[in-house]
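Dropping the structure in here first, questions after.
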Amino acid sequence: MVLQLSAWDGTQGPLGWVVDQVSRWYEVPADCVEEWLRTGRLVLLLDGLDEITDAERQRECVEALSALRNQVPTGMVVCCRSGDYRRIGKRLQFGLAVEILPLTPAQVESCLAAAGRQLAALRQAVRTDPVLAELLDTPLMLSVAAVVYRDSEPQQALRQGTREDRLAHLWDRYVATMLTRRRDPYADPPPPRMIGSRRTSPTSTWSGWPG
């Protein structure tokens with residue numbers, strides 16, 4: 001179950017906070033949630049530790065989550081930007097941390113090459129435009145660019161301006177493309193899905209404890 005740590009206020013104990021959040025967002029009775037936690041039937045995906053704006057509250061949250069990890073046999077994963085996690089000054093006592101690094105130019109090239117002719121223009125543009133290559137160093141941004149520049153001419157991906165301007169342009173094009181993309185009105189609807197997403201940064205640290 002995905003929970004947002006930006007909602008952490010420190011007024012409840014860690015177990016009480018998790019029970020309250022799961023019960024509220026997933027509409028599950030609180031006593032059921034607590035039983036699931038105590039019997040190890042949940043895996044908690046806790047996103048946005050870096051979105052807690054108060055530094056002291058961040059440290060309290062880290063300490064509380066570490067205590068909860070020793071209190072219940074529940075699987076727990078916490079996501080935070082690497083730089084922000086290091087600045088907290090406290091470490092989650094989870095036993096394992098994984099840092100997700102930016103895509104290398106070789107990885108970007110490999111992904112675009114595997115797409116074949118549809119992304120040939122984007123591939124050519126990335127080779128000659130280091131700013132564009134830098135923008136596409138996460139799977140999210142590479143996917144966005146693949147939607148925007150599919151079957152396009154190379155010059156369409158080559159633009160002048162600051163990194164921020166070009167990033168804004170890329171997102172504007174992506175939104176416009178998604179809003180105007182034609183869909184088959186007679187196609188079967190997609191199966192139900194549960195999706196949780198937050199903004200993505202070039203590097204993130206995931207700390208996880210297998211429950």
Side-chain angles (χ1 to χ4, degrees), residues 1-28 30 33-34 36-38 40-104 131 134-144 162-168 170-171 174-175 194-211:
M1 290 186 169
V2 180
L3 299 179
Q4 302 300 329
L5 288 174
S6 57
W8 179 272
D9 58 10
T11 60
Q12 299 171 285
L15 181 61
W17 182 83
V18 170
V19 169
D20 176 70
Q21 292 291 306
V22 172
S23 179
R24 178 184 305 178
W25 290 105
Y26 291 93
E27 300 183 352
V28 178
V33 178
E34 185 167 354
W36 293 347
L37 290 169
R38 295 191 183 279
R41 295 176 63 188
L42 291 181
V43 174
L44 300 177
L45 306 180
L46 304 165
D47 191 18
L49 180 60
D50 51 296
E51 295 178 16
I52 300 176
T53 56
D54 182 78
E56 183 59 33
R57 196 150 54 90
Q58 270 188 329
R59 289 188 286 270
E60 291 174 356
C61 182
V62 168
E63 292 175 351
L65 293 176
S66 296
L68 180 62
R69 172 254 189 267
N70 290 316
Q71 185 179 355
V72 295
T74 294
M76 297 172 63
V77 178
V78 175
C79 179
C80 183
R81 291 183 178 183
S82 298
D84 292 336
Y85 182 64
R86 296 186 183 101
R87 284 190 289 272
I88 291 173
K90 293 278 186 179
R91 293 293 177 265
L92 291 159
Q93 303 304 308
F94 281 11
L96 175 67
V98 176
E99 185 170 30
I100 302 174
L101 299 176
L103 296 174
T104 66
V131 176
E134 182 185 347
L135 288 178
L136 308 186
D137 66 355
T138 67
L140 171 63
M141 296 312 302
L142 185 58
S143 299
V144 168
T162 66
R163 186 181 189 279
E164 290 71 23
D165 290 341
R166 297 182 64 175
L167 185 61
L170 184 59
W171 277 113
Y174 175 77
V175 171
M194 181 179 294
I195 299 174
S197 64
R198 302 293 292 174
R199 70 174 185 268
T200 300
S201 61
T203 59
S204 299
T205 295
W206 289 80
S207 291
W209 172 62

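The model shown is predicted, which means the values in this text are computed figures rather than measured ones.
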Distance from Q93 atom CD to L65 atom CG, nearest 0.5 Å?
11.5 Å
Less than 4.5 Å apart, any side-chain heavy atom of P14 and any of W8?
yes
What one should report as the nearest heavy-atom pair of Y85 and L92 is OH-N, 3.0 Å
Could you tell me which non-hydrogen atom of S23 sits nearest to which non-hydrogen atom of V33, and how far apart they are?
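S23 and V33 have their closest heavy atoms at N-CG2, 4.2 Å.
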Nearest 0.5 Å, please: how far is CG in L46 from OG in S6?
11.0 Å
Are side-chain heavy atoms of L44 and L37 found at a separation under 4.5 Å?
yes
Rounded to the nearest 0.5 Å, what separates atom OH in Y26 from atom CG in L42?
10.0 Å
Would you compute the distance between atom OG1 of T138 and atom CD1 of I100 and round it to the nearest 0.5 angstrom?
10.5 Å
Criterion side-chain contact (heavy atoms from CB on, under 4.5 Å) against C61, the qualifying member of D54, I88, L5:
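That would be L5.
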Measure across V2 and Q4 and return the closest heavy-atom pair with its distance rounded to 0.1 Å.
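Of all heavy-atom pairs spanning V2 and Q4, the closest is CG1-NE2, 3.8 Å.
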Of all heavy-atom pairs linking L49 and C80, the shortest is CB-CB, 3.8 Å
Do V18 and M1 make a side-chain contact, defined as non-hydrogen atoms from C-beta onward lying under 4.5 Å apart?
no
How long is the gap from CE on M76 to CG on L3, to the nearest 0.5 Å?
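Reported to 0.5 Å precision, the distance equals 9.5 Å.
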Decide yes or no on salt bridge (Lys or Arg N to Asp or Glu O under 4.0 Å) for E99 and R86, but give the supporting numbers first.
CA-CA 12 Å; E99 185 170 30; R86 296 186 183 101; 3.0 Å; yes
Just verifying a value: how many Å separate L170 CG and L136 CG, rounded to the nearest 0.5 Å?
7.0 Å
Smallest heavy-atom separation, D20 atom then Q12 atom, equals CB-NE2, 3.9 Å
R57 side chain to I52 main-chain N or O, any donor-acceptor pair under 3.5 Å?
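No; zero donor-acceptor contacts below 3.5 Å.
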Can you establish whether the number of heavy atoms outside E56 located under 6.0 Å from its atom CD is more than 12?
yes
Sub-4.5 Å side-chain heavy-atom contact between V22 and W36
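A side-chain contact under 4.5 Å is absent here.
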Closest approach of A7 to Q21 (non-hydrogen atoms, all atoms of both residues):
CB-OE1, 4.0 Å
